[in-house]
Amino acid sequence: MSFSPCNREKEVAELLARGQWPQACTPELRAHARACRSCGDLVAVILAFQSARAQAASAAKLGAPGALWWRGQLRRRNAAVERVGRPILGAQIFALCICALAAAALAVSQARHGLHWLAWLAQLPQPLSLHLDALWPFSLSSSGAGLLVLIPVLATLALLSGLVVYLASEKQ
Amino acid sequence: MSWESVLPNALSGGAPRAAELPMDSDAFAGFYERSARSLWAYLARVSGDPALADDFAQESYVRYLAAARPDEGEVAGRRYLFRIATNLLRDHWRRPRQASIEEIPEEFLAASATSAQADSQAVLGPALAQLRPRDRQLLWLAYAEGYSHREIAEVTGLAAASIRLLLFRARRKIARLLREQNPKGGEL
């Protein structure tokens with residue numbers, strides 16, 4: 001199919017768009033539209049579409065705009081709630097992971113300090129066990145005070161980690 | 001970013017503030033009155049299904065309102081509305097067979113019996129039903145809505161450079177179909 005539009009199409013299309021065809025059309029242009037296939041197609045197609053549009057628009061049964069407006073606002077709010085909830089959920093998951101890790105580390109560490117019911121953890125192969133006692137001062141590691149320091153530190157760490165993740169994801 | 005800007009009264013349950021919305025309810029009612037008929041006509045004629053047009057017209061307005069976009073005026077808003085409707089139609093056509101819209105046979109997408117009955121008096125209906133959905137969209141946007149090639153590209157998501165050729169081919173095809181239906185031809 002050759003792509004060869006007529007150079008008078010624009011003129012014809014403007015008259016049709018303004019609803020002035022054929023009244024405001026010169027006899028010469030009208031004769032051209034009869035002879036030119038491209039312009040003839042354009043006139044037939046635009047008239048058919050304009051008529052179909054008018055017919056379809058008059059057949060439309062419109063609902064109440066108020067109901068649509070409130071549905072739109074409801075969906076907007078739901079989207080906002082979801083948007084806010086996403087980083088919070090991420091922060092919660094991250095904090096939970098940190099807490100689980102901290103609890104595991106604490107359990108292993110305490111098993112080495114005499115909790116008999118956890119003694120089996122101390123029997124784990126060396127690469128799997130953690131030497132957390134190397135992280136705090138000797139004076140604390142030998143007494144029960146180590147536990148009193150470790151738990152708040154880990155809890156704070158978990159909370160701060162969650163907060164950092166939340167703030168980072170909220171900025172995104 | 002504050003909580004108030006992210007979550008407009010969502011937790012308090014109060015009415016949304018007008019400043020945060022693209023338009024208030026009265027402005028929307030006016031916009032709806034001016035645009036709903038042409039949007040419905042587009043959806044009904046292109047899909048060939050008035051019931052589907054009802055659903056998609058409503059969904060288009062709800063999505064339009066829910067979208068967080070600046071108010072760029074009525075013309076741009078209208079174009080955005082048609083873009084939403086076009087995407088809804090495209091998703092609808094893709095859904096049943098999980099295939100590209102271009103691969104779906106024309107008979108499969110032809111207007112339903114209900115719409116065929118409604119179109120029995122119309123000249124355009126039967127011819128339009130024989131075209132591909134994309135061609136129907138292009139023709140309607142160009143010749144019923146009067147959109148320019150650039151605007152059609154924006155609405156359909158097609159490349160602006162290809163609109164001219166696609167439209168020319170679609171026009172040739174529907175003109176031929178119209179001539180076949182009415183061999184005497186209309187008075188030019």
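Order of the sequence lines fixes the chain letters, A, B, ..., with proteins taken first and strands second; residue numbering starts at 1 for each chain. Below, all heavy atoms of this structure are taken into account, side chains as well, without hydrogens, waters or symmetry copies.
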Pairs satisfying ring-ring contact (aromatic ring centres under 6.0 Å, His included), at least one member in residues 76-109 of chain A, at least two apart: none
Mind checking who shares a hydrophobic cluster with B:Trp40, ILVMFWY linked at side-chain heavy-atom distances under 4.5 Å? none
Applying side chain to side chain contact (heavy atoms under 4.5 Å, CB included) to A:Glu14 and not counting sequence neighbours gives A:Lys10, A:Arg18
Taking the side chain as C-beta and beyond, is there a heavy-atom pair between A:Cys6 and A:Arg37 under 4.5 Å? no
What part of A:Ala48 lies closer than 4.5 angstrom to a heavy atom of chain B: side chain, backbone, both or neither? both
B:Trp140 versus A:Arg53: any side-chain heavy-atom pair under 4.5 Å? yes
What residue, out of B:Asp54, B:Leu139, B:Ile174, has the most heavy-atom pairs lying under 4.5 Å from chain A? B:Leu139
Any idea how B:Tyr64 and B:Tyr80 line up, ring-wise: parallel (<30°), tilted (30 to 60°), or perpendicular (>60°)? tilted
Is A:Ala79 close to chain B through its backbone or its side chain, or both, or neither, when contacts mean heavy atoms under 4.5 Å? neither
Please look at A:Leu42 and chain B and tell me whether the side chain, the backbone, both or neither of the residue comes under 4.5 angstrom of a heavy atom of that chain. both
Side chain proximity check, A:Ile46 to A:Gln50, heavy atoms < 4.5 angstrom: yes
Counting only heavy atoms closer than 4.5 Å, note whether A:Ser51 contacts chain B via side chain, backbone, both or neither. neither
Is there any residue in residues 147-154 of chain B with a non-hydrogen atom under 4.5 Å from a non-hydrogen atom of chain A, and which ones are they? none
For chain B, which of A:Pro65, A:Ala31, A:Ala52, A:Ala56 has the most heavy-atom pairs under 4.5 Å? A:Pro65
